[in-house]
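Reviewing the structure listed below.
Below, each value reflects all heavy atoms present in this structure, side chains not excepted, and no hydrogens, waters or symmetry copies.
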Amino acid sequence: MAEDSELWDVICDGPLVPMKVVGEGTRTVPKTRNEYNNTDRKATEKNFRAKKIFVCGIGPDEFNRVSAFESAKEIWEALKTAHEGTTQVKKSKIDMLTAEHELFKMKEDESIQDMLTRFTSIINELHSLGEVIPRN
């Protein structure tokens, strides 16, 4: 992510919750917002920045789907599931695209440019699902 690699960490791992030690040093609890120091504020701000990037980059339908989420990680997971589907759906898509790749042929009424576009689309979809096609 070009904005800040730490934002990607917040999206993948969840927001930092500043903690404090209570009692005799045996238990930690989250700090209240008025107990935050500058370092805590900067760290928690990453979640707000990541959320802002998501909100500015999605349409109204997706905004309605994710507007109640507190963390960028929750938004990411919801969008990922909405667009990729569950693990089972993802596996099914990969299987279907792999079969299309293996059986790929030029259609009779298709130009070379159209064929290349169709082939590139299959490869790109497989890549976006995390599937790598080996070069033989």
Side-chain angles (χ1 to χ4, degrees):
M1 184 175 232
E3 176 74 17
D4 187 341
S5 66
E6 291 176 7
L7 293 181
W8 188 243
D9 293 339
V10 168
I11 292 166
C12 292
D13 303 333
L16 173 95
V17 178
M19 304 295 276
K20 65 180 178 180
V21 177
V22 294
E24 296 177 13
T26 58
R27 196 169 67 116
T28 59
V29 295
K31 290 181 180 179
T32 61
R33 289 190 64 77
N34 63 356
E35 294 175 312
Y36 287 5
N37 59 33
N38 285 340
T39 304
D40 296 335
R41 280 189 185 81
K42 285 182 182 179
T44 57
E45 191 176 283
K46 300 283 184 192
N47 184 56
F48 296 115
R49 288 177 56 204
K51 282 178 60 177
K52 180 178 147 187
I53 289 169
F54 276 131
V55 169
C56 290
I58 60 176
D61 292 336
E62 286 159 331
F63 177 79
N64 291 335
R65 183 181 299 137
V66 301
S67 62
F69 293 127
E70 293 291 320
S71 73
K73 179 181 174 111
E74 292 172 306
I75 293 172
W76 175 248
E77 295 298 329
L79 292 172
K80 198 163 77 166
T81 299
H83 290 275
E84 285 185 1
T86 62
T87 304
Q88 189 175 15
V89 170
K90 185 176 174 180
K91 175 74 173 125
S92 178
K93 285 180 182 178
I94 288 171
D95 291 343
M96 181 190 70
L97 290 165
T98 301
E100 273 187 62
H101 174 263
E102 290 170 353
L103 300 172
F104 188 84
K105 295 188 221 191
M106 185 173 186
K107 296 177 181 176
E108 263 187 55
D109 60 342
E110 187 174 43
S111 70
I112 291 174
Q113 184 60 45
D114 290 342
M115 178 194 72
L116 180 59
T117 300
R118 192 166 53 88
F119 184 76
T120 303
S121 177
I122 292 169
I123 298 301
N124 287 344
E125 284 186 61
L126 282 165
H127 182 72
S128 73
L129 292 168
E131 190 70 13
V132 178
I133 302 296
R135 295 180 188 234
N136 295 349

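Between the OG atom in S67 and the NZ atom in K51 there is a gap of 9.5 Å [rounded to 0.5 Å]. With rounding to the nearest 0.5 angstrom, the CG atom of D40 is 11.5 Å from the NZ atom of K20. Atom CD of E125 and atom CD1 of I94 lie 11.0 Å apart (nearest 0.5 Å).
F48 is not connected to I53 by any chain of hydrophobic side-chain contacts under 4.5 Å among Ile, Leu, Val, Met, Phe, Trp and Tyr, and they are in different clusters. Connection of I122 to L116 is not established within any shared hydrophobic cluster, with ILVMFWY side chains joined at heavy-atom distances below 4.5 Å, either directly or through further cluster members. Residues L16 and I11 are members of separate hydrophobic clusters, defined by side-chain heavy-atom contacts under 4.5 angstrom among Ile, Leu, Val, Met, Phe, Trp and Tyr.
The backbone N or O of A72 lies less than 3.5 Å from a partner atom in the side chain of N47, making a donor-acceptor pair. In this structure, E74 contributes its side chain and S71 its backbone to a donor-acceptor pair below 3.5 Å. Looking at E35, its side chain does come within 3.5 Å of a backbone N or O of T32 through a donor-acceptor pair. S121 contributes no side-chain N or O that, together with a main-chain N or O of T117, makes up a donor-acceptor pair within less than 3.5 Å.
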**Chi angles and distances behind the side-chain contact (heavy atoms from CB on, under 4.5 Å) call for M96, S92** = CA-CA 6 Å; M96 181 190 70; S92 178; 5.7 Å; no
**Prompt:** Stepwise, does the side-chain contact (heavy atoms from CB on, under 4.5 Å) test hold for V66 with L79?
**Reply:** CA-CA 8 Å; V66 301; L79 292 172; 4.2 Å; yes
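Residues passing the side-chain contact (heavy atoms from CB on, under 4.5 Å) test with K107 are D109, E110, R118, sequence neighbours excluded. For D61, the side-chain contact (heavy atoms from CB on, under 4.5 Å) test picks out no residue, with sequence neighbours left out. Annotation: side-chain contact (heavy atoms from CB on, under 4.5 Å) contacts of T44 (sequence neighbours excluded): P18, Y36.
Heavy atoms from other residues, nucleotides or ligands lying under 6.0 Å from CG of N38 number 12 at most. Residue K42 qualifies as open at atom NZ: its count of foreign heavy atoms under 6.0 Å is 12 or below.
Pairs passing the ring-ring contact (aromatic ring centres under 6.0 Å, His included) check and including a residue from residues 85-115, sequence neighbours excluded, read H101-F119, F104-F119. Residue pairs that meet the salt bridge (Lys or Arg N to Asp or Glu O under 4.0 Å) test with at least one member in residues 6-15, sequence neighbours left out, are E6-K46.
For the pair K31/N37, a side-chain contact is recorded, criterion being any heavy-atom separation below 4.5 Å from C-beta on. You'll find the side chain of K73 stays beyond 4.5 Å of the side chain of V10, heavy atoms only. E131 is not listed as a side-chain neighbour of L97, based on a closest heavy-atom distance of 4.5 Å or more.
Other residues sharing the hydrophobic cluster of V22, ordered by chain and number and joined by side-chain separations under 4.5 Å: V29.
Between W76 and W8, the ring planes are perpendicular. Angles over 60° get that label, and only those under 30° would be called parallel.
Judged purely by distance below 3.5 Å, without hydrogens or angles, the side chains of S111 and D114 pair a donor atom with an acceptor atom.
Of all the heavy atoms in L7 and A50, the pair that sits closest is CD2-N, 4.0 Å.
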